[in-house]
Undergrad: 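Before I ask anything, let me first share the structure, which is written out below as structure tokens.
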Number of protein chains: 2
Amino acid sequence: MHNSIARENRSDTLEGMTTPATDWLRLDQQICFSLNAASRAFNGVYRVVLKDLGLTYPQYLVMLVLWEHGELPVKKLGEHLRLDSGTLSPLLKRLEAAGLVRRERSASDERSVRVRPTGEGLALRERATEVPRRIAAATGLDLAEVQDLRTRLDRLTAALDGYGTDAAGAPS
Amino acid sequence: MHNSIARENRSDTLEGMTTPATDWLRLDQQICFSLNAASRAFNGVYRVVLKDLGLTYPQYLVMLVLWEHGELPVKKLGEHLRLDSGTLSPLLKRLEAAGLVRRERSASDERSVRVRPTGEGLALRERATEVPRRIAAATGLDLAEVQDLRTRLDRLTAALDGYGTDAAGAPS
DNA sequence: CGCTATTGAGTTGTGCACAACTTAATTGCG
DNA sequence: CGCAATTAAGTTGTGCACAACTCAATAGCG
């Protein structure tokens with residue numbers, strides 16, 4: 001994992017440098033802008049597509065997991081989605097209010113709450129089959145490109161997740 | 001945790017379909033998951049890195065634009081960042097409370113509010129030069145990979161932004 | 001067994017994104 | 001000129017993400 005980056009020491013001595021500190025700030029801007037913009041653009045498309053299902057994007061993600069795995073405790077759901085109870089609890093309450101899931105305390109472990117799609121929640125799956133096709137159309141990418149992009153993003157996520165424990169962020 | 005999932009069509013058997021509707025839902029999950037996860041992971045790293053600057057990630061983006069362009073009306077700021085006044089107004093108010101920017105009505109057009117970094121805001125730029133290096137280190141990517149990824153994401157964003165006007169979402 | 005540490009949900013508070021709306025200033029057309 | 005349409009900020013309300021916390025149940029150790 002080498003960053004060819006690390007070698008150019010920034011700035012203060014000047015003329016010959018290819019990238020003074022201020023340029024770094026601009027380059028950095030490009031990267032974070034792009035990821036952020038793509039994420040929000042995606043969100044916007046999902047918002048439109050999911051509108052007639054009555055779901056938000058995060059709610060859709062929860063339903064995807066439930067459709068695939070069936071009943072799950074909140075904890076497991078959070079592991080699949082990388083979300084904690086602080087986010088999931090209110091979200092699941094809204095899904096329950098919408099009649100799409102039921103929540104009930106586990107008998108074997110009273111701490112655990114099991115989330116289960118209702119009949120209505122399962123029925124929604126049929127209507128949701130249209131969603132991926134519409135999203136795919138909106139991206140304008142073919143399957144290979146999508147998979148390639150996914151691979152790169154997953155690698156990036158894995159690298160970023162490992163941050164905070166190693167010395168990468170230490171000043172010196 | 002890699003999902004090589006897409007290949008096995010576990011199925012409902014079927015005629016010659018390689019991807020029944022339920023598999024589409026799973027594949028779709030992979031794509032949106034990846035982008036969403038990467039975006040949030042990135043955000044998490046920025047949160048750590050920006051902590052001692054006292055900035056959130058969106059606030060940092062605003063400061064980047066102001067460092068590059070100097071004084072700007074809220075409108076222009078929003079165009080650079082793809083954000084509207086509903087997001088920017090409270091954010092700028094917090095930046096002003098932190099002493100990093102000043103907001104003042106334009107004399108020539110009373111509707112417009114110009115945002116200008118204060119001395120303190122400009123001074124912060126020096127400390128911020130550390131940020132891109134730390135982020136780059138966290139990604140574990142070299143410059144070429146980053147730029148390639150950026151290109152792909154920008155193309156994706158452009159495609160997604162064009163959604164809603166064309167027939168892409170129509171059932172058929 | 002009893003007690004402490006851990007675990008799973010939920011709550012609270014902050015900040016962001018976005019839709020829908022309000023308000024005030026400016027534009028521009030008849 | 002006069003007035004309707006447009007424009008720039010700001011406000012309100014909803015929902016998500018996350019940190020920090022509470023609370024109850026369970027696990028596990030002496």
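The sequence lines fix the lettering, A, B, ..., with proteins before strands; numbering per chain opens at 1.
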Undergrad: Side chain of R103(B) only, please: which of dG10(D), dG15(D), dC18(C) is the nearest?
TA: dG10(D)
Undergrad: Got a sec, which residues hit side chain to side chain contact (heavy atoms under 4.5 Å, CB included) with Q147(B), two or more places apart in sequence or on another chain?
TA: L27(A)
Undergrad: Of K76(A) and A41(A), whose closest DNA chain C nucleotide lies nearer the 5' terminus?
TA: K76(A)
Undergrad: Looking at R133(B) and E130(B), is any side-chain nitrogen of the basic one under 4.0 Å from a carboxylate oxygen of the acidic one?
TA: yes
Undergrad: With nearest nucleotides of DNA chain C determined for R82(B) and P90(A) from heavy-atom distances, which residue corresponds to the more 5′ nucleotide?
TA: P90(A)
Undergrad: Counting side-chain heavy atoms from C-beta on, which of dA9(C), dA24(D), dG10(D) comes nearest to S85(B)?
TA: dG10(D)
Undergrad: Indicate whether OP1 or OP2 belonging to dA9(C) is found under 4.0 Å from a side-chain N or O atom of S112(A).
TA: yes
Undergrad: On DNA chain D, nearest-nucleotide positions of L91(A) versus A107(A): which is more 5'?
TA: L91(A)
Undergrad: Please work out if K51(B) contacts a base, only the sugar-phosphate, or nothing of the nucleic acid, heavy-atom cut-off 4.0 Å.
TA: nothing
Undergrad: Roughly, in whole Å, what's the span from CZ in R105(A) to C1' in dG8(C)?
TA: 8 Å
Undergrad: Do S106(B) side-chain atoms and D109(B) backbone N/O form a donor-acceptor pair below 3.5 Å?
TA: yes
Undergrad: Between R103(A) and E96(A), is there a side-chain N and carboxylate O pair less than 4.0 Å apart?
TA: yes
Undergrad: Closest approach to the side chain of R111(B), judged atom by atom: which nucleotide of dT26(D), dA17(C), dT26(C) is it?
TA: dT26(C)
Undergrad: L92(A) has an atom CG; how far is it from atom P of dA9(C), in whole Å?
TA: 10 Å
Undergrad: Name the closest nucleotide to the S89(B) side chain, picking from dA9(C), dT7(D), dT11(D).
TA: dT11(D)
Undergrad: Could you tell me whether T87(A) contacts a base, only the sugar-phosphate backbone, or nothing, with contacts defined as non-hydrogen atoms closer than 4.0 Å?
TA: base
Undergrad: Would you classify P73(B) as touching base, sugar-phosphate or nothing, given that sugar-phosphate means primed atoms plus P, OP1 and OP2, and contacts are heavy atoms under 4.0 Å?
TA: sugar-phosphate
Undergrad: Which one, dA17(D), dT26(D), dT26(C), comes nearest to the side chain of D109(A)?
TA: dT26(D)
Undergrad: Return all side-chain donor-acceptor pairs below 3.5 angstrom for residues 135-145 of chain A, not counting sequence neighbours, or 'none' if the list is empty.
TA:
from	atom 1	to	atom 2	distance (Å)
T139(A)	OG1	A136(A)	O	2.7
T139(A)	OG1	L141(A)	N	3.2
D142(A)	OD1	A144(A)	N	3.1
D142(A)	OD1	E145(A)	N	2.9
E145(A)	OE1	D142(A)	N	3.4
E145(A)	OE2	R155(B)	NH1	3.2

Undergrad: OP1, OP2 of dA19(C) versus side-chain N and O of R47(A): anything below 4.0 Å?
TA: yes
